[in-house]
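Here's the structure we're looking at; comments come further down.
Chain A is the first sequence line, chain B the second, and so forth, proteins listed ahead of strands; every chain is numbered from 1. Atoms considered below: every heavy atom in the structure, side chains included; atoms not considered: hydrogens, waters and symmetry mates.
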Number of protein chains: 2
Amino acid sequence: MVTIYDVARHAGVSAATVSRVLNGHAKVDPALAERVTSSVAELGYRRNAVARNLRKSRTSLWAVIISDVENPFFTSMVRGVEDIALAAGYSVVLCNSDENPEKESNYIVAALTEQMAGVIISPSSNRVDDVKLLLDSGCPVVVIDRELHGLRTDTVLVDNERGAEQATAHLIDQGYRRIACIGGPRWLSTATHRYDGYRRALGTAGLSLEPSLVRFADFRERGGYDAMASLLDDGAEPDALFAANNLMTVGAMECLVQRDLAVPTDIAVVGFDTIPWADLIRPTLTTVSQPAYEVGRQAAQLLARRITKPDADATNVLLPTELQVRASSTRRISTGE
Amino acid sequence: MVTIYDVARHAGVSAATVSRVLNGHAKVDPALAERVTSSVAELGYRRNAVARNLRKSRTSLWAVIISDVENPFFTSMVRGVEDIALAAGYSVVLCNSDENPEKESNYIVAALTEQMAGVIISPSSNRVDDVKLLLDSGCPVVVIDRELHGLRTDTVLVDNERGAEQATAHLIDQGYRRIACIGGPRWLSTATHRYDGYRRALGTAGLSLEPSLVRFADFRERGGYDAMASLLDDGAEPDALFAANNLMTVGAMECLVQRDLAVPTDIAVVGFDTIPWADLIRPTLTTVSQPAYEVGRQAAQLLARRITKPDADATNVLLPTELQVRASSTRRISTGE
DNA sequence: TTGTATGCGTTATCAG
DNA sequence: CTGATAACGCATACAA
């Protein structure tokens, strides 16, 4: 390995001068600088980030800890983080906690021991300990997607309640009245807010909440399928469905297809969160799309700010969703009820 | 920050002893070890990986550099890498080069300057320089998905040619004769091998390759759409299509839908690579599925081996694909031609 | 078995 | 403006 001392010797200057040239902080004689840069090129010198990090006691790496690398929401979000981070001189490394608190713990410890410059995390549970560990260690953190109670951190969330409310209101607008809801795990803030939005839309329209039309599942495809089956089998007779995430929407759709129920004629469907290639699914799906890329961008900006101003007040960003109306929820023949 | 010296003082031993206890290499008196571990717990000591890395001149981080974080193939592959890596005591960080050679370059330099223990990379171009840089620097590397010529590295590839051949042969079996092909960028080995497979199946069946039935696109949705449109508009009159990756398949399907062509009645379709929720698309899509998770596993195993045996001969793994027959390619009424 | 001392490659402080 | 030198926190060769 070629070190800064090799370069110094080759250029006939001191190691300190090489360092100064490389970092551009202090003024250095142009002639010397020139000698240094050409020596660097000639020797193929690349600075040892580990040594540098040790000296500066921090790296230029951001850890983005997401709860599911296979969920399009997160991958799209990561793109937003990257674009800001790279521009700010940081590299982004992605860690997949896989909805597993233990893996998440491991990555957090890794981020800490590796002295990462900052962490953006979508918590895989409502356990507060892990994130608290980061905060207590003085590691800049931004929490995204899921709310964590009792922690004063920067956060970037989407307006889940309002998104769900719009989706449900849209179904009501279209003339549907027996609107079922497949909600997510109640310990996730995203799930409870979406359920709240569903209830609020019903209330606003003067419709009562019918417990027989509500199911809670696990945000997975199988869960959505089972919940839909249960709704149909128990005689709740829904004429529409609001499903609280993308995978459960897919599961519910599969159930409807299997039972030869027509969408939206027999049952209309609106799903929360984007589904890749939603246009290829028949019928095309009405969705509440989240600004995933923008979530990433904003989180990155907050993290950059937090790094430079560790003591600034915590900022909480709430981004709007957008209802994308497609075929699965188009107006039914008005029943005039 | 609490260092190894703080622990040593608290436990009444030397820093060296603390280090030994922590790493478990050397023998140390159980009583002392006990004092050390309890001091570690009491002080909340966590070792500084950066200092450790500097000393050992390597980290316990693997970089997985993929060319598209939004492609399900790669995310699934990453899961395979993770499972092996974690078991072997490494952490995995994901880097998204976004099919951009420049970003890829940056991440490679980062992996080098950060002294990563190893790199698994799916090259975003056929440029050999970047990977060569890694090799020359002695960084253990495994190349996946795409072939890189003139480099003696461990590789894990899938049998693209055979997969494409099976897909095409399947269409021939089903009675289709005018089988079109939408190929990928010719500088990617995956694309050329899939094209070769298509041609070989035609040859085996005694069918001639008709240039008017072949288009090359960019592995993206838009490209697939345009290629399909061109095939239809130029009067090539295909009765089936083999599309060389998932996104182009989706694009081609969209074109067919838009033109009210029935699949598979008017045109049968087989796509290479998995498509999430392929079962929801109507008709369901016949695909050549790749063992993405297994690619990751094998790559991880090779990397682990390469780290321990830097001078071992390069291993090249070739994994089989699997044809998953669904509705889009089912037998047409035999024309007896 | 345990402790002492040194160096990993940088950057920052301080004299010059 | 430049150079010598001391740390950063840890692991290890060597001495005890």
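Counting only N and O atoms by type, the side chains of B:N316 and B:R152 include no donor and acceptor under 3.5 Å apart.
Inter-residue side-chain proximity for A:M77 and A:S122 is flagged as unmet; no heavy-atom pair is nearer than 4.5 Å.
Look at CG on A:D6: it is 11 Å from P on C:dC8, rounded to the nearest Å. Between the CG atom of B:N48 and the P atom of D:dC8 there is a distance of 12 Å, given to the nearest Å. Protein atom CZ of B:R58 is 10 Å distant from nucleotide atom P of D:dT12, rounded to whole Å. In this entry the distance linking CD1 of B:I4 with P of D:dG9 reads 12 Å, nearest Å. Nucleotide D:dG9 holds its P atom 15 Å from the NZ atom of A:K56, rounded to whole Å. Rounded to whole Å, atom P of D:dG9 lies 7 Å from atom CG of A:L54. Atom CG in A:N53 sits roughly 14 Å away from atom C1' in C:dC8 (whole-Å rounding). The CZ-C1' distance, from B:R52 to C:dG9, rounds to 18 Å in whole Å.
Set against D:dA4, C:dT4, C:dT1, the side chain of B:K27 has C:dT1 as its closest nucleotide.
Nucleic acid contact class of A:S57 (heavy atoms, under 4.0 Å, all strands): none. Counting any heavy atom pair closer than 4.0 Å across all strands shown, B:R47 reaches sugar-phosphate atoms only and no base atom. Nucleic acid contact class of B:N23 (heavy atoms, under 4.0 Å, all strands): sugar-phosphate only.
With DNA chain C read from its 5' end, the first of the two nearest nucleotides for A:R55 and B:V13 is the one closest to B:V13. Residues B:R20 and B:A49 each lie close to DNA chain D; by heavy-atom proximity, the contact nearer the 5' end of the strand is made by B:A49.
A donor-acceptor pair under 3.5 Å is absent between the side-chain atoms of B:S137 and the main chain of B:C139, judged by distance alone.
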